[in-house]
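Notes for the one structure printed next.
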Amino acid sequence: MNITDLTVHDLQEKLKSKEITVTEIIDAYCDRIKEKEPEVEAFVTTYLEKAKAQAKEIDEMRNKEEITGEFAGIPIGIKDNICMKGTKTTCSSKMLENFVAPYDATVIEKLKAENIISLGKLNMDEFAMGSSTETSYFKKTKNPWNLNKVPGGSSGGTAAAVAANLIPWGLGSDTGGSIRQPASLCGVVGLKPTYGLVSRYGLVAFASSLDQIGPITKDVRDNAMLLNLIAGKDEKDTTSEDAGKIDYTKALKNDVKGMKIGVPKEFFGEGINQEVKTKLKEAIEIYKELGTEVEEFSLDIAQYALATYYIIACAEASSNLGRFDGIRYGYRTSEYTNLKDIYRKSRSEGFGEEVKRRIILGTYVLSSGYYDAYYKKAQQVRTLVSNEFSKAFEKYDVILTPTSPTVAFNIGEKSNNPMEMYLADICTVSINIAGVPAISIPCGVDKQGMPIGMQLIGDRFQEETILNAAYTFEQKIKFRENYQPRFVK
Ligand code: GLN
């Protein structure tokens, strides 16, 4: 048995039956990280020694039955934009290279309450802006299926670490696709919850009206379990909502008979790779065999989603990132003559190119002369997008699309062309604009053996429906049993 191959629900069973100890689990992960991290480069920071010490303590407590929690001793990895008290939270930026979080994010508090052990913080695009993890100030994470390719982004570190068995599961954040797109490119499962289901307290804000934290896991059951742990209303996040106490694993029925699936034709048009389309069409046939009713429909408004997203996301980012000025937060330049000089130099030296591009774009669309033409217009289109989704969900339980227009691309292939990079989000951004939940699961591989992801979108707070749809498909095709990352060089 290879411990790092196991899902979290497998680990739990083996811990319960005393077949393995927490120390054995943590040791196995530390060895795996030592072996594979130099190739994959998924982590910004690791806490391996600390994790080993925690494992010993938890084993002792488990033996004395002082801890009976189902998750005590299970390891996890966290995207480096989620605050963990006393540890660095860098957002993969020079700006926050030395920032030590003074408090725990609500999701971290919840994981700590379960005695879950963090193995480290994971690489990402700088301030979560990007689709390839290449804008990280520190390193370029590699895709475990082929080390010449990107893992997707911005939660590329988390997705690559799960795919490479460096962690059994992890947390990412998704503003326009940053959980689902890297999950798709790395052949793992990623869920963006309904806006408001998971507290954003302690998540470094990119675009507050779009950001959500969510689980990246090896399979759908683990995904539902991690969602159970992090969901819930939080007084510290006024946009969080009370959806009631739900056990998402209970939704996994392995039965989709009678489910109505809508397939928007706009997501199968120009710009979507042929092999991706073919695989998705096969997936649709599988759903029909499983007893669902599938119908094509038009989600015409989706064509405006990308432009709307980049206006709203940049506007909010320009405001959220105002606090990083070398005085209130972040890197301070070493030589300066006056206050303005501190601001200018600190921000020029501390932020990378993509972040600056977004701040400038955002400031522009919010400026008095252009506010109505861009920002206000984008907000109006946002309402239309949201309404179109609501209308679609009157007819369908689930909307099915590709997650990404292509499989993982080569490192460096798009990094000099922002427009090309933005197009990587074409299938995911409308979901954040509408605030609805969506999950990406692997549905096969292309001719070169790279994973292809399918996105299942649900109505607000209908996570149970999309998790069940994903689970039933997963049980049928058994992706993990048939395909594993090969670390092609
Ligand atoms: N790739 C998108 C962007 O660069 C989405 C990022 C995200 O979801 N954090 O804005």
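The chain is numbered in sequence order, starting from 1. Start at 1 and go down the list; that is how both ligands and their atoms are numbered.
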Completion exercise
Expected contact list for ligand 1 at under 4.0 angstrom, heavy-atom basis, is A128, M129, G130, S131, S154, D174, T175, G176, G177, S178, F206, Y309, Y310, R358, D425
Practice task
Kindly state each residue pair satisfying side chain to side chain donor-acceptor pair (under 3.5 Å) with at least one member in residues 408-420, sequence neighbours excluded.
Solution key: K149-N410
Practice task
Take Y310 and L361, measure what side chain to side chain contact (heavy atoms under 4.5 Å, CB included) needs, and give me the verdict at the end.
Solution key: CA-CA 9 Å; Y310 276 95; L361 231 127; 5.6 Å; no
Problem - K377, NZ: over 12 other non-hydrogen atoms inside 6.0 angstrom - result: no
Exercise for the section: Decide if atom NZ of K233 counts as having more than 12 heavy atoms of other residues, nucleotides or ligands within a radius under 6.0 Å. Expected result: yes
Exercise for the section: If the plane angle is over 60° it's perpendicular, under 30° parallel, otherwise tilted; pick one for F127 and F351. Expected result: perpendicular
Practice task
Specify the closest pair of heavy atoms between L229 and I116, including all atoms of both residues, with the distance to one decimal.
Solution key: CD1-CD1, 3.6 Å
